[in-house]
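Before any comments, here is the structure.
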Amino acid sequence: MMEQQSLNKGAVKAAEVATPKRTKEIIAKYGFSFKKSLGQNFLIDQNILNNIVSAAELDETKGALEIGPGIGALTQRLAAVAGTVTAVEIDNRLIPILHDIFEGEEKVGIVHGDVLKLDLKQLFEERFSGVTGVSVVANLPYYVTTPILMKLLEERLPLENIVVMIQKEVAQRMAAKPGGKEYGSLSVAVQYYCEPKLVCTVPHTVFIPQPNVDSAVIKLALRDKPAVDVPDEAHFFRVVQASFAQRRKTLYNNLTALVGKEQREALTTLLQGLAIDPARRGETLSLEEFAKISRAFLEVGWKG
């Protein structure tokens with residue numbers, strides 16, 4: 001269930017949240033305790049915030065959807081440049097804190113809910129109907145990074161950019177090119193929908209509490225249409241997943257598991273006909289090569 005509350009007209013007058021002193025004051029004032037299960041780490045570096053907001057390319061005609069605002073450090077910066085900001089927070093203990101910090105700010109709407117369960121199309125209609133573009137801008141909890149991003153992409157929301165701070169290794173995988181160890185099914189899935197660009201790396205020392213790993217900010221610019229043309233997206237992604245099922249195995253071995261051992265000779269012939277060496281590994285294939293395989297499989301009736 002979505003509980004949405006817009007705050008009253010005015011400007012953000014609260015002191016800068018993203019400093020160690022101010023963050024500790026807020027935590028102490030409200031007796032807030034961090035929940036490890038929610039992956040809560042509050043950013044206290046203003047330069048990183050500047051990099052995030054700058055990458056989103058917002059202005060007064062555009063809207064921003066923030067996921068997991070915490071105590072509002074990024075929300076403050078977004079409200080200073082965007083026409084409207086909607087912040088979705090799953091932790092009900094943070095809702096009164098956010099209301100206090102943004103009291104009198106018409107631009108900021110607070111939504112209490114789980115973004116993975118919300119009807120995002122409805123939210124967009126309610127909050128962003130009058131804007132020229134919308135970007136998702138967020139410091140995402142590590143444990144739900146991929147499910148959240150895939151929901152945003154698969155639902156074909158009218159987004160311009162997704163600018164998120166996530167675990168560094170995951171960001172590198174999303175931006176990876178064929179041929180490297182970071183390149184995998186996540187790389188293909190993200191690049192099918194977006195053009196990824198690493199914005200900056202973020203040391204673990206600029207958070208309260210400090211996570212165990214470093215982070216990175218990545219910008220995903222939504223494509224007008226997918227990177228490759230495939231007749232069946234679900235089948236395309238089944239082929240991709242199968243190709244990476246066991247990374248040390250060849251494309252031939254991994255895809256045999258998908259189409260069946262009785263098709264081994266036909267599989268070799270098909271791949272060679274596409275000018276793709278069956279002895280290659282999935283990590284060497286481009287999106288277009290995966291699309292070629294998917295289209296060819298469908299033509300011969302191999303749906304996996």
Side-chain angles (χ1 to χ4, degrees), residues 145-157 159-162 164 166-199 216 218-304:
T145 293
T146 300
I148 289 175
L149 287 178
M150 294 317 298
K151 176 175 181 174
L152 293 171
L153 296 174
E154 290 171 355
E155 291 194 6
R156 294 294 207 280
L157 297 167
L159 288 168
E160 289 187 335
N161 300 302
I162 299 174
V164 288
I166 58 179
Q167 186 173 341
K168 185 171 119 177
E169 287 74 13
V170 176
Q172 290 171 333
R173 282 162 49 200
M174 290 180 180
K177 300 300 181 186
K181 64 180 182 179
E182 292 90 3
Y183 184 75
S185 56
L186 179 61
S187 317
V188 175
V190 168
Q191 292 170 35
Y192 178 82
Y193 296 106
C194 309
E195 294 182 46
K197 179 183 178 183
L198 290 172
V199 176
I218 190 168
K219 176 179 180 178
L220 307 176
L222 275 289
R223 299 180 188 274
D224 293 333
K225 61 180 182 179
V228 291
D229 181 30
V230 292
D232 184 333
E233 285 188 357
H235 180 263
F236 169 74
F237 286 118
R238 280 199 297 274
V239 168
V240 171
Q241 291 283 354
S243 300
F244 288 102
Q246 297 188 57
R247 292 187 67 96
R248 293 186 178 183
K249 287 196 173 184
T250 63
L251 193 63
Y252 167 79
N253 284 327
N254 276 329
L255 291 180
T256 295
L258 179 67
V259 303
K261 291 182 179 180
E262 67 279 5
Q263 303 291 355
R264 285 181 293 190
E265 289 186 12
L267 174 62
T268 298
T269 301
L270 182 147
L271 291 174
Q272 289 174 340
L274 297 174
I276 296 173
D277 185 346
R280 289 171 62 184
R281 290 186 171 87
E283 66 196 43
T284 70
L285 270 65
S286 66
L287 269 70
E288 182 53 48
E289 287 176 311
F290 281 120
K292 283 182 181 179
I293 295 172
S294 176
R295 288 193 291 263
F297 277 19
L298 289 175
E299 287 172 6
V300 298
W302 296 345
K303 296 188 177 181

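All of these numbers come straight from a predicted model, not from anything done at the bench. Along the sequence shown, residues are numbered consecutively beginning with 1.
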Closest non-hydrogen contact found for Gln191 with Ala175 is NE2-C, 3.7 Å

For atom NZ of Lys151, is the number of surrounding heavy atoms from other residues, nucleotides or ligands below 6.0 Å larger than 12? yes

Salt bridge or not between Glu288 and Arg295? Use side-chain N to carboxylate O under 4.0 Å. yes

Single hit among Leu220, Ile148, Val190 for side-chain contact (heavy atoms from CB on, under 4.5 Å) with Ile162: Leu220

side-chain hydrogen bond (donor to acceptor under 3.5 Å, both in side chains): which pairs involve residues 230-252, sequence neighbours left out? Arg156-Glu233, Tyr192-Glu233, His235-Ser294, Arg247-Glu283, Thr250-Asn253

Identify the heavy atoms of Ala296 and Leu274 that sit nearest to each other, and give their distance. CB-CD1, 3.9 Å

Taking the six-membered ring for Trp, are Phe237 and Tyr193 parallel (under 30°), tilted (30 to 60°) or perpendicular (over 60°)? parallel

Any side-chain heavy-atom pair of Leu255 and Ile293 under 4.5 Å: yes

Between Glu289 and Ser286 (side chain of the first, backbone of the second, donor and acceptor by atom type, cut-off under 3.5 Å), is there such a pair? yes

side-chain contact (heavy atoms from CB on, under 4.5 Å) partner of Val164, chosen from Ile218, Val199, Leu152: Ile218

Please check if the side chain of Thr256 supplies one atom and the backbone of Lys261 the other of a donor-acceptor pair under 3.5 Å. no

Verify the neighbour count for atom CD of Glu262: are there more than 12 heavy atoms of other residues, nucleotides or ligands below 6.0 Å? yes

Would you give the length of the straight line joining atom NZ of Lys292 to atom CG of Leu287, rounded to the nearest 0.5 angstrom? 12.5 Å

So Leu298 and Lys303, do their side chains get closer than 4.5 Å, heavy atoms only? yes

In Å and rounded to the nearest 0.5 Å, what is the OG1 to CD1 distance from Thr284 to Ile276? 9.0 Å

Side chains of Gln263 and Leu270: does their closest heavy-atom pair fall under 4.5 Å? no

Scanning both residues in full, the closest heavy-atom pair of Asn254 with Ala242 reads CB-O, 3.1 Å

Side-chain touch Val188/Tyr183, heavy atoms, less than 4.5 angstrom: yes

Looking at side-chain heavy atoms only, is the closest gap between Leu153 and Cys194 below 4.5 Å? yes

Return the minimal non-hydrogen interatomic distance between Leu198 and Ala171, and the atom names on each side. CD2-CB, 3.7 Å

Only one of Arg173, Gln172, Lys168 passes side-chain contact (heavy atoms from CB on, under 4.5 Å) with Val170, and that residue is Arg173

How close do Phe290 and Phe244 get, heavy atom to heavy atom, and via which atoms? CZ-CE1, 3.5 Å

